[in-house]
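Quantities reported herein were computed from a predicted structural model and do not represent experimental measurements. FYI, side chains are in, hydrogens and waters are out, and symmetry mates aren't considered; it's all heavy atoms of this structure.
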Amino acid sequence: MTSPKCDEKAKATSPKNDPPSSTSPADAPYDAAEAQIVAHQAATTIEAESEIFTDDGYGGESSGDYGASISSSIRNHRFENGRRYHKFREGRYAFPNDESEQDREDMKHAMILNLCGGKLHFAPIGNNPQNIIDLGTGTGIWCVDMGDEYPSANILGIDLSPIQHVWVPPNVRFMVDDIEETWLEGADFYDLVHGRHITPAIKDFPALLRRAYKHTKPGGWVEFQEMHHLPHCDDDTMSTDYPLTKFFRVVAEGLRNMGVSLDASRHEAASLEAYGFVNVQHEVLKIPIGTWPKHKTLKMIGLYARTGIFSGLQAMALGPLCRGMGWSKTQVEVMLVDVRRALEDSSVHCYLPFHIMYGMKPLDAKGD
């Protein structure tokens, strides 16, 4: 793999200085029968508890105690409304990158692994991939797990923030870069171009898909895993004025005012054929919000989801609403009161659709 761009592209270092635990979520055993039940219900209808479930025994746990931050001269973050944001390409990404948000992102990783039966990806990349890139890598936890899973591969994680783990496999590296600008490597290079939870960060998804096609090698794959940030319900337990629904809609409006369309980006990612990819697959799973599912794994996934949303409400709202809608921080906090109250109501059987979309670059394709 060629070296990073010298001047403005800083190789990421990280505040996460503690070695990862010996058993990451990707290493944890997944019972085949349990995974099959979860996969079936997540793809069809999630069975709810017959009675309203209390959270006894499903209390939250700390997602990790991370070490001291690296020097501020390297980090160069900016602060707004009491939250910390990236400095490189300032304002490009609407959400914070501070410690609490990093913990929430790692919890989302564990949630998705449980939802997907331990799978880090769905694209059939074989047992010996050589080059993999993760777009908007965040804390880099997906790259770390992929590095352990595929020791043959050189894995590069790209993000606007230098917040990645320090203790990584030798085949994993990170860079601070903007994935909507020119990529480092040449055409026909990657076995897998991967992105998860990146639609809130991308202003021009068609351009990103064209770039991904160019840099994927013939026979290589692209894969995107994205939530539809709007609660759904398969029974009559969710009202039309559900506060969480209103919350996600106003956040989406704020992002649109900042040049990001969640719906348009997800639609483009689901239209890979239009960009030249073949063997395209699109699966939709259901992420329950809360502990209302009957099945224990789905109940745990629902706890992850509710905890992640609850703890991340301010992080999700401040940028889009204050920058995009002109709200004050006080206005945001007043709105969040009803949303938090709604999230604590286990009688509402709502979920977020989770889209998994992947496709292959044709074997006879080259470059553009």
**OP:** With side chain to side chain contact (heavy atoms under 4.5 Å, CB included) as the test, would you mind laying out the steps for M175 and L156 before giving the verdict?
**Re:** CA-CA 7 Å; M175 280 178 54; L156 174 64; 4.0 Å; yes
Original post:
In terms of ring plane angle, is the pair W183 and Y190 parallel, tilted or perpendicular, where the classes change at 30° and 60°?
Top reply: perpendicular
Subject >> Donor-acceptor under 3.5 Å (W142 side chain, L120 main chain) >> reply: yes
**OP:** Quick one: pull up CG in L298 and CG in L303 and give me the separation to the nearest 0.5 Å.
**Re:** 12.5 Å
Original post:
Which atoms form the tightest heavy-atom contact between V222 and A212, and what is the distance?
Top reply: CG1-CB, 4.1 Å
Original post:
P124: what forms a side chain to side chain contact (heavy atoms under 4.5 Å, CB included) with it, not counting sequence neighbours?
Top reply: W221, Y358
Original post:
Just wondering, do V278 and L363 contact through their side chains at under 4.5 Å, heavy atoms?
Top reply: no
Subject >> OG-CZ distance between S311 and R340, expressed to the nearest 0.5 angstrom >> reply: 10.0 Å
Subject >> Pairwise side-chain contact, C322 with V332, heavy-atom cut-off 4.5 Å (strictly under) >> reply: yes
**OP:** Check for a donor-acceptor pair, side chain of Q314 on one end and backbone N or O of G312 on the other, with a separation under 3.5 Å.
**Re:** no
Original post:
Do I179 and Y275 share a hydrophobic cluster, counting only Ile, Leu, Val, Met, Phe, Trp and Tyr and linking them when any side-chain heavy atoms are less than 4.5 Å apart?
Top reply: yes
Subject >> Non-hydrogen side-chain atoms of K286 and H232 separated by less than 4.5 Å >> reply: no
Subject >> Where G195 and I198 come nearest, the two heavy atoms and their spacing >> reply: CA-CD1, 4.1 Å
**OP:** Please examine the side chains of T237 and S347, heavy atoms only from C-beta on, and report whether any two atoms are closer than 4.5 Å.
**Re:** no
Original post:
Do Q130 side-chain atoms and A153 backbone N/O form a donor-acceptor pair below 3.5 Å?
Top reply: no
Subject >> Shared hydrophobic cluster, V284 / L113 (ILVMFWY, side-chain heavy atoms < 4.5 Å) >> reply: no
**OP:** May I ask you to decide if T291's main-chain N or O and S346's side chain share a donor-acceptor pair within less than 3.5 Å?
**Re:** no
Subject >> Expected output: side-chain N114 to main-chain A110 donor-acceptor under 3.5 Å >> reply: yes
Original post:
Would you find a donor on one side and an acceptor on the other, under 3.5 Å apart, between the side chain of H194 and the backbone of I133?
Top reply: no
**OP:** Measure the spacing between CZ of F310 and CG of L336 and express it to the nearest 0.5 Å.
**Re:** 9.5 Å
Original post:
Do F277 and N279 pass the side chain to side chain contact (heavy atoms under 4.5 Å, CB included) test, and can you show the C-alpha distance, the side-chain angles, and the key distance before you say yes or no?
Top reply: CA-CA 7 Å; F277 295 99; N279 299 330; over 6 Å; no
Original post:
Taking only residues two or more places apart in sequence, or in another chain, which ones meet F354 in a ring pair (Phe, Tyr, Trp, His ring centres under 6.0 Å)?
Top reply: none
**OP:** Check whether I309 and M335 end up in the same hydrophobic cluster, where Ile, Leu, Val, Met, Phe, Trp and Tyr are linked by side-chain heavy atoms less than 4.5 Å apart.
**Re:** yes
Original post:
Looking at Y213 and K361, what are the two nearest heavy atoms and their distance?
Top reply: O-NZ, 2.8 Å
Original post:
Is there a side-chain contact between H295 and V38, using heavy atoms and a 4.5 Å cut-off?
Top reply: yes
Original post:
Would you call H282 and L272 a side-chain contact if the rule is heavy atoms closer than 4.5 Å?
Top reply: no
Original post:
In this structure, are over 12 heavy atoms from other groups packed under 6.0 Å from D241 atom CG?
Top reply: yes
Original post:
With a 4.5 Å limit on heavy-atom distance, are the side chains of I155 and D134 in contact?
Top reply: no
Subject >> From CA spacing to verdict: side chain to side chain contact (heavy atoms under 4.5 Å, CB included), L184, I158 >> reply: CA-CA 11 Å; L184 174 66; I158 301 291; over 6 Å; no
**OP:** For atom CG of N127, decide whether the heavy atoms of other residues, nucleotides or ligands shown that lie under 6.0 angstrom number more than 12.
**Re:** no
**OP:** Say whether M111 and F122 are linked into one hydrophobic cluster, either directly or through other cluster members, by side-chain heavy-atom distances under 4.5 angstrom.
**Re:** yes
Would you list the atom pairs, donor with acceptor, under 3.5 Å between side chains in residues 245-264 and any protein atom, with sequence neighbours excluded?
| residue | atom | partner | partner atom | Å |
| --- | --- | --- | --- | --- |
| N257 | ND2 | G324 | O | 2.9 |
| S261 | OG | A264 | N | 3.2 |
| D263 | OD1 | R266 | NH1 | 3.3 |
| D263 | OD1 | R266 | NH2 | 3.3 |

Subject >> Chi angles and distances behind the side chain to side chain contact (heavy atoms under 4.5 Å, CB included) call for K108, R196 >> reply: CA-CA 11 Å; K108 284 166 60 180; R196 188 175 68 188; over 6 Å; no
**OP:** Could you tell me whether a side-chain N or O of D191 sits under 3.5 Å from a main-chain N or O of N131, the two making a donor and an acceptor?
**Re:** yes
Subject >> D234 and Y351: side chain donor to acceptor below 3.5 Å >> reply: yes
**OP:** Examine M357 and V280 and state if one hydrophobic cluster contains both, with Ile, Leu, Val, Met, Phe, Trp and Tyr joined whenever side-chain heavy atoms are less than 4.5 Å apart.
**Re:** yes
Original post:
Roughly how far, to the nearest 0.5 Å, is the CG atom of L115 from the CD1 atom of I356?
Top reply: 7.0 Å
Original post:
Is a side-chain N or O of Q41 found less than 3.5 angstrom from the main chain of E47, in a donor-acceptor match?
Top reply: yes
Original post:
Side-chain contact, heavy-atom cut-off 4.5 Å: L208 with F205?
Top reply: yes
Original post:
What closest approach, in Å, do L209 and E268 show between heavy atoms, and which atom pair accounts for it?
Top reply: CD1-O, 3.4 Å
Subject >> Donor-acceptor contact present, side-chain K299 to main-chain P293, <3.5 Å >> reply: yes
**OP:** Rounded to the nearest 0.5 Å, what's the gap from NE2 on H197 to NE2 on H109? Could you check?
**Re:** 9.5 Å
Subject >> Between Q225 and E223: side-chain donor-acceptor atoms closer than 3.5 Å >> reply: yes
**OP:** Hey, could you give me the CG/CD distance between L135 and E180, rounded to the nearest 0.5 Å?
**Re:** 10.5 Å
Original post:
Can you name the closest pair of heavy atoms from G126 and Y150 and give their distance?
Top reply: O-CE2, 3.5 Å
Original post:
Considering all heavy atoms of both residues, which atom of M238 and which atom of C350 are nearest to each other, and what is their separation?
Top reply: SD-CB, 3.7 Å
